[in-house]
Amino acid sequence: MNIEPTPQKLSSRRWRRFKANKRGFYSLIIFSICFFLSLGAEILSNDKPLLVSYQGSLYFPLLKAYPETTFGGVFETETDYQDPFIRQRLTSGGNHAFFPLNHHSYDSINLQLRQPVPSPPDGTNYLGTDDRGRDVLARLLYGFRLSVIFAFILTAIGTVIGIITGALQGYLGGRTDLFMQRFIEIWSAMPELYLLIIFASIFKPSVLLLLILLSIFGWMGLADYVRAEFLKGRNLDYVKAAKALGVGNITIMFRHLLPNGMTPVITFLPFRVSGSILALTSLDFLGLGVPPPTPSLGELLAQGKNNIEAWWLSLTTFGVLVGTLILLIFIGEALRETFDPRKV
């Protein structure tokens, strides 16, 4: 007699299968480490010290802005910790300043450069500077964080809309499915890039505007897969039994049918994240993305194109972008094999 595994045993079996795929498993570990490190970008790369011990008192510049007069300066404005005079005050006479590993933030400009910008890598700017004198390493770190968080949010919004739309189509069927399919066909034919250009010229560019514009188009691919799963499952015996017992449609859809139809949703998540990162990078490269001085991988690629002799701009950004996409693809392939119903 064929006994179906319990959900706990099935999840444990899938986790073991995922771990057995070494390429996907280690890609997940590497990507997770990089992402969690980027969440602490202010601690790893900043032009402000983490802790200052000055004349027997402790100061935390990352948490609070201190005027220059606090450290013996003459201005009431916020302290510039890159100023040689301030640096000398903080590191002499028994005073100490503890800086991050990289002494630059994404928007700080190195005014002590001895070469024209963009300047090549040296002991101060480990990956060089861009055409405005900003540290490339800092902009890569902050830009990677922004791209991944943006991709996660965009993927989550698209996934929720896609699941709801596909579930309604597949479960209700009939005219509802017919009308919604026609709407999706018309909506998918809209020129997305032209709309982005139009809205970018009307509204002030922002991350929120990009999320809204990309979200209204990013759900259609997933809706087709969810619709197919619901069309396949709505006539199964347990669904008919639930209807006979008076269980509501919403309960049947999201408590019974959806968990059994989550396989395409989960397996496509890494690919949707990588697509979202690529979409943001492409828009930033074209100048339609986030407003300056927001750190962006696409903006660094555009600088590399405009300064072809500055190899460190294109090479490092290309490496970060391609490495991120490869890791996500490997994770997606491992998930697809893990949730393959033929291997349950």
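What you see below is based on every heavy atom in this structure, not just the backbone, and it leaves out hydrogens, waters and symmetry mates.
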> Distance-only, no hydrogens or angles: does the Arg139 side chain make a donor-acceptor pair with backbone N or O of Tyr106 under 3.5 Å?
yes
> Hey, could you give me the OG1/CG distance between Thr324 and Leu297, rounded to the nearest 0.5 Å?
7.5 Å
> Say whether, by atom type as modelled, one donor and one acceptor occur between the side chain of Ser119 and the main chain of Pro116 under 3.5 angstrom.
no
> Looking at Thr129, is its backbone amide N or carbonyl O close enough to the side chain of Trp312 to form a donor-acceptor pair, meaning the two atoms are under 3.5 Å apart?
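Indeed, once roles are kept as given, a pair shorter than 3.5 Å links the two residues.
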> Using side-chain heavy atoms (C-beta onward) and a distance below 4.5 Å, is Asn110 in contact with Asp135?
no
> Can you confirm whether Phe75 is buried at CZ, in the sense that more than 12 heavy atoms of other residues, nucleotides or ligands lie under 6.0 Å from that atom?
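At most 12 heavy atoms, drawn from other residues, nucleotides or ligands, come within 6.0 Å of this atom.
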> Do Leu137 and Ser45 touch side chain to side chain, with heavy atoms closer than 4.5 Å?
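When only atoms from C-beta onward are counted, Ser45 and Leu137 do not touch, as no gap falls below 4.5 Å.
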> I'd like to know if the side chain of His104 reaches the main chain of Thr124, judged simply by a donor and an acceptor atom lying under 3.5 Å from each other, with no hydrogens or angles considered.
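Yes, because the side chain of His104 sits within donor-acceptor range (under 3.5 Å) of the backbone of Thr124.
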> By the rule that ILVMFWY residues connect when side-chain heavy atoms come within less than 4.5 angstrom, directly or transitively, which residues belong alongside Val322?
Phe318, Ile326, Phe330
> Are Ser27 and Arg23 linked by a side-chain donor-acceptor pair shorter than 3.5 Å?
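Looking only at side-chain atoms, Arg23 and Ser27 do not form any donor-acceptor pair under 3.5 Å.
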> Take the angle between the ring planes of Phe183 and Trp219 and call it parallel below 30°, perpendicular above 60°, tilted in between.
parallel
> Compare all side-chain heavy atoms of Leu300 with those of Val320 and state whether any distance is below 4.5 angstrom.
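No, side chains not in contact.
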> Distance only, no hydrogens: is a donor on one side chain within 3.5 Å (strictly under) of an acceptor on the other, for Asn306 and Asp131?
no
> Between Leu335 and Leu269, is any pair of side-chain heavy atoms under 4.5 Å apart?
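With C-beta onward as the side chain, the pair stays apart.
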> Within this structure, what is the CZ-CG distance for the pair Phe99 and Leu90, rounded to the nearest 0.5 Å?
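One finds 6.5 Å between CZ of Phe99 and CG of Leu90.
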> Quick one: does any side-chain atom of Thr79 pair with a main-chain N or O of Tyr66 as donor and acceptor, under 3.5 Å?
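The answer is yes, because a donor-acceptor pair under 3.5 Å joins these two groups.
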> Transitively linked via ILVMFWY side-chain contacts under 4.5 Å: Ile202 with Leu213?
yes
> State plainly whether the residues Glu78 and Lys48 are in salt-bridge range, i.e. N to O under 4.0 Å.
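Yes, charged N to carboxylate O under 4.0 Å.
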> Give a yes or no answer on whether the side chain of Asp177 reaches the backbone of Gly174 with a donor-acceptor pair at less than 3.5 Å.
no
> Answer with yes or no whether the hydrophobic clustering places Val207 together with Val148; edges join I, L, V, M, F, W, Y residues whose side-chain heavy atoms lie under 4.5 Å apart.
yes
> Test side-chain contact (heavy atoms from CB on, under 4.5 Å) on Val265 and Glu229; report intermediate values, then the result.
CA-CA 10 Å; Val265 176; Glu229 292 294 325; over 6 Å; no
> Of all the heavy-atom pairs spanning Ala41 and Tyr142, show the shortest one and how long it is.
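That would be O-OH, 3.4 Å.
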> What pair of heavy atoms forms the shortest contact from Thr155 to Ser276, and how long is it?
OG1-OG, 3.6 Å
> Side chains of Gln303 and Glu299 only: does a donor on one sit below 3.5 Å from an acceptor on the other?
yes
> Where the side chain of Asn95 meets the backbone of Arg89, is there a donor-acceptor pair that is under 3.5 Å apart?
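A pair under 3.5 Å: yes.
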> The test is ring pair (Phe, Tyr, Trp, His ring centres under 6.0 Å); show your working for Phe152 and Phe35 and say whether it passes.
CA-CA 11 Å; Phe152 283 166; Phe35 176 61; 5.3 Å; yes
> Indicate, with yes or no, if Trp187 and Tyr225 share a hydrophobic cluster defined by side-chain heavy-atom contacts under 4.5 Å among Ile, Leu, Val, Met, Phe, Trp and Tyr.
no
> Step through the shown structure and confirm whether more than 12 heavy atoms of other residues, nucleotides or ligands are within 6.0 Å of CZ on Arg132.
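Yes, because the 6.0 Å sphere around CZ of Arg132 holds more than 12 heavy atoms from other groups.
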> Are Asn102 and Leu141 close enough that some pair of their side-chain heavy atoms sits under 4.5 Å apart?
no
> Using every non-hydrogen atom in the two residues, find where Phe230 and Gly166 come nearest and quote the distance to one decimal.
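Closest pair (atom of Phe230, atom of Gly166, distance): CB-O, 4.5 Å.
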> Could you check Leu211 against Phe150 for side-chain contact (heavy atoms from CB on, under 4.5 Å), going step by step and ending with a plain yes or no?
CA-CA 8 Å; Leu211 277 174; Phe150 178 90; 3.6 Å; yes
> Mind checking whether Ile329 and Glu333 have side chains closer than 4.5 Å, heavy atoms only?
yes
> Distance-only, no hydrogens or angles: does the Arg17 side chain make a donor-acceptor pair with backbone N or O of Thr338 under 3.5 Å?
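Pair found, side chain donor or acceptor close to backbone of Thr338.
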> Which heavy-atom pair separates Phe268 from Pro264 by the least distance, and what is that distance?
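Distance-wise, the nearest heavy atoms are CD1-O, 3.0 Å.
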> Under 6.0 Å from the CD1 atom of Ile43, do we count more than 12 heavy atoms belonging to anything else shown?
no
> Leu210 vs Val290, test: side-chain contact (heavy atoms from CB on, under 4.5 Å). Steps then yes/no.
CA-CA 8 Å; Leu210 288 178; Val290 295; 4.1 Å; yes
> Taking the side chain as C-beta and beyond, is there a heavy-atom pair between Asp80 and Arg87 under 4.5 Å?
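No; the side chains remain at least 4.5 Å from each other.
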> Judged by atom type as modelled, is there a donor-acceptor pair below 3.5 Å linking the side chain of Thr294 to the main-chain atoms of Pro291?
yes
> What distance separates Met253 CE from Ile164 CD1, expressed to the nearest 0.5 Å?
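Between atom CE of Met253 and atom CD1 of Ile164 there are 9.0 Å.
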> According to a 4.5 Å side-chain heavy-atom criterion applied to Ile, Leu, Val, Met, Phe, Trp and Tyr, with indirect links allowed, do Phe285 and Ile308 form part of one hydrophobic cluster?
no
> How about CZ on Arg182, more than 12 heavy atoms from neighbouring residues, nucleotides or ligands closer than 6.0 Å, or not?
yes
> Please report the shortest heavy-atom distance between Gly158 and Leu222, naming the atom on each side.
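Result for this residue pair: O-CD2, 4.3 Å.
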> Any salt bridge between Arg145 and Glu42, counting N to O under 4.0 Å?
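So Arg145 pairs with Glu42 through a salt bridge.
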> Without placing hydrogens or testing angles, list every side-chain donor-acceptor pair under 3.5 Å for residues 234-246, not counting sequence neighbours.
from, atom 1, to, atom 2, distance (Å)
Arg234, NH1, Tyr171, O, 3.4
Tyr238, OH, Asn260, ND2, 2.9

> Would a 4.5 Å heavy-atom cut-off, applied to side chains only, mark Leu39 and Ile149 as touching?
yes
> If you look at every heavy atom in Ser32 and Leu28, which pair is closest and at what distance?
OG-O, 2.7 Å
> Is the number of heavy atoms from other residues, nucleotides or ligands under 6.0 Å of Tyr59 OH greater than 12?
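Counting neighbours around OH of Tyr59, more than 12 heavy atoms of other residues, nucleotides or ligands fall under 6.0 Å, so yes.
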> Is there a side-chain contact (heavy atoms from CB on, under 4.5 Å) between His103 and Tyr81 once you walk through the steps?
CA-CA 10 Å; His103 297 186; Tyr81 298 94; over 6 Å; no
> Between OH of Tyr26 and CD1 of Ile331, what distance do you get to the nearest 0.5 Å?
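Those atoms lie 14.0 Å apart.
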> How far does CE of Met190 sit from CD1 of Ile216, to the nearest 0.5 angstrom?
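Here the interatomic distance stands at 8.0 Å.
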> The criterion is side-chain contact (heavy atoms from CB on, under 4.5 Å); which residues satisfy it with Glu76, sequence neighbours excluded?
Pro67, Thr69
> Kindly work out whether a path of hydrophobic side-chain contacts (I/L/V/M/F/W/Y, heavy atoms less than 4.5 Å apart) joins Leu325 to Leu214.
yes
> Is the backbone N or O of Asp47 less than 3.5 Å from a side-chain atom of Ser105, with the two atoms forming a donor-acceptor pair by type?
no
> Hey, could you give me the CD/CG distance between Gln112 and Asn125, rounded to the nearest 0.5 Å?
11.0 Å
